[in-house]
Amino acid sequence: MVDPVNNKVTPDLKATYKDEFARGVKLFQDSLGEYQKADEMNKKAKFKDVMDKALVIMNQAARGFITSSSEKEKAEAFKGKMMEDYQNFIASGDSDAYSKLQSDVNTLKRFT
């Protein structure tokens, strides 16, 4: 919950946001691996949909546990890089783009 006096996220809620973020990262990573292995376009589309939704969850959850302005700036910069890498991977599907995206996911794990 948000402390109504200080308008800050309580430690319990912050932990919940962090857990949701970690689940989103895992879901994204698992779906990315399955997307890479999938041969059929409809399967790829379903895994892409899951990855898109996981990105939304991660973005929303990060807002709840990243509190300092410097952390927020770093997170926004990283989010931009990851989105670019994600879009490049979806467009090209090549192994270099996949490696960059995997590296981004590994960086996200450090936030959890």
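As the structure is a computational prediction, the values presented were derived from the model and not from experiment.
Within a 6.0 Å sphere centred on NZ of Lys100, heavy atoms belonging to other residues, nucleotides or ligands number 12 at most.
By the side chain to side chain contact (heavy atoms under 4.5 Å, CB included) test, Ser103 is found to be paired with no residue, residues two or more places apart in sequence or in another chain being considered. Take Ser68 and apply the side chain to side chain contact (heavy atoms under 4.5 Å, CB included) test, not counting sequence neighbours, and it matches Ser70, Glu71. Residues meeting the ring pair (Phe, Tyr, Trp, His ring centres under 6.0 Å) test with Phe111, sequence neighbours left out: none. Lys43 meets the side-chain hydrogen bond (donor to acceptor under 3.5 Å, both in side chains) test with no other residue; sequence neighbours excluded. Residues meeting the side-chain hydrogen bond (donor to acceptor under 3.5 Å, both in side chains) test with Glu76, sequence neighbours left out: none. Partners of Tyr35 under the side-chain hydrogen bond (donor to acceptor under 3.5 Å, both in side chains) rule, at least two apart in sequence or in another chain, do not exist in this structure. The side-chain hydrogen bond (donor to acceptor under 3.5 Å, both in side chains) check on Asp94 picks up nothing, with sequence neighbours excluded. Residues that satisfy the salt bridge (Lys or Arg N to Asp or Glu O under 4.0 Å) test with Lys48, not counting sequence neighbours, are Asp52.
Distance check, rounded to the nearest 0.5 Å: CG of Asn42 to CZ of Phe47 gives 10.0 Å. Taken from CD in Gln29 to CG in Leu101, the straight-line distance is 10.0 Å, to the nearest 0.5 Å.
Screening residues 103-112 for salt bridge (Lys or Arg N to Asp or Glu O under 4.0 Å) gives Lys81-Asp104 as the qualifying pairs, with residues at least two apart or on separate chains. Applying the salt bridge (Lys or Arg N to Asp or Glu O under 4.0 Å) test to pairs two or more places apart or on separate chains, those with a residue in residues 21-35 are Glu20-Arg23, Lys26-Asp30, Glu34-Lys37.
Leu27 belongs to a hydrophobic cluster whose remaining members, ordered by chain and number, are Val50; membership requires side-chain heavy atoms of ILVMFWY residues under 4.5 Å apart, directly or through intermediates.
Taking the side chain as every heavy atom from C-beta outward, Phe21 and Leu108 approach each other to under 4.5 Å. A 4.5 Å side-chain heavy-atom check between Phe89 and Asp85 finds every atom pair outside the cut-off.
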Could you tabulate the donor-acceptor pairs under 3.5 Å formed by side-chain atoms of residues 53-66, not counting sequence neighbours?
residue : atom : partner : partner atom : Å
Lys53   : NZ   : Asp49   : OD2          : 3.2
Asn59   : OD1  : Lys79   : NZ           : 3.4

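Of all the heavy atoms in Lys44 and Gln36, the pair that sits closest is NZ-O, 4.2 Å.
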Could you go through the side chain to side chain contact (heavy atoms under 4.5 Å, CB included) check for Thr107 and Met82 one step at a time?
-> CA-CA 10 Å; Thr107 299; Met82 183 170 174; over 6 Å; no

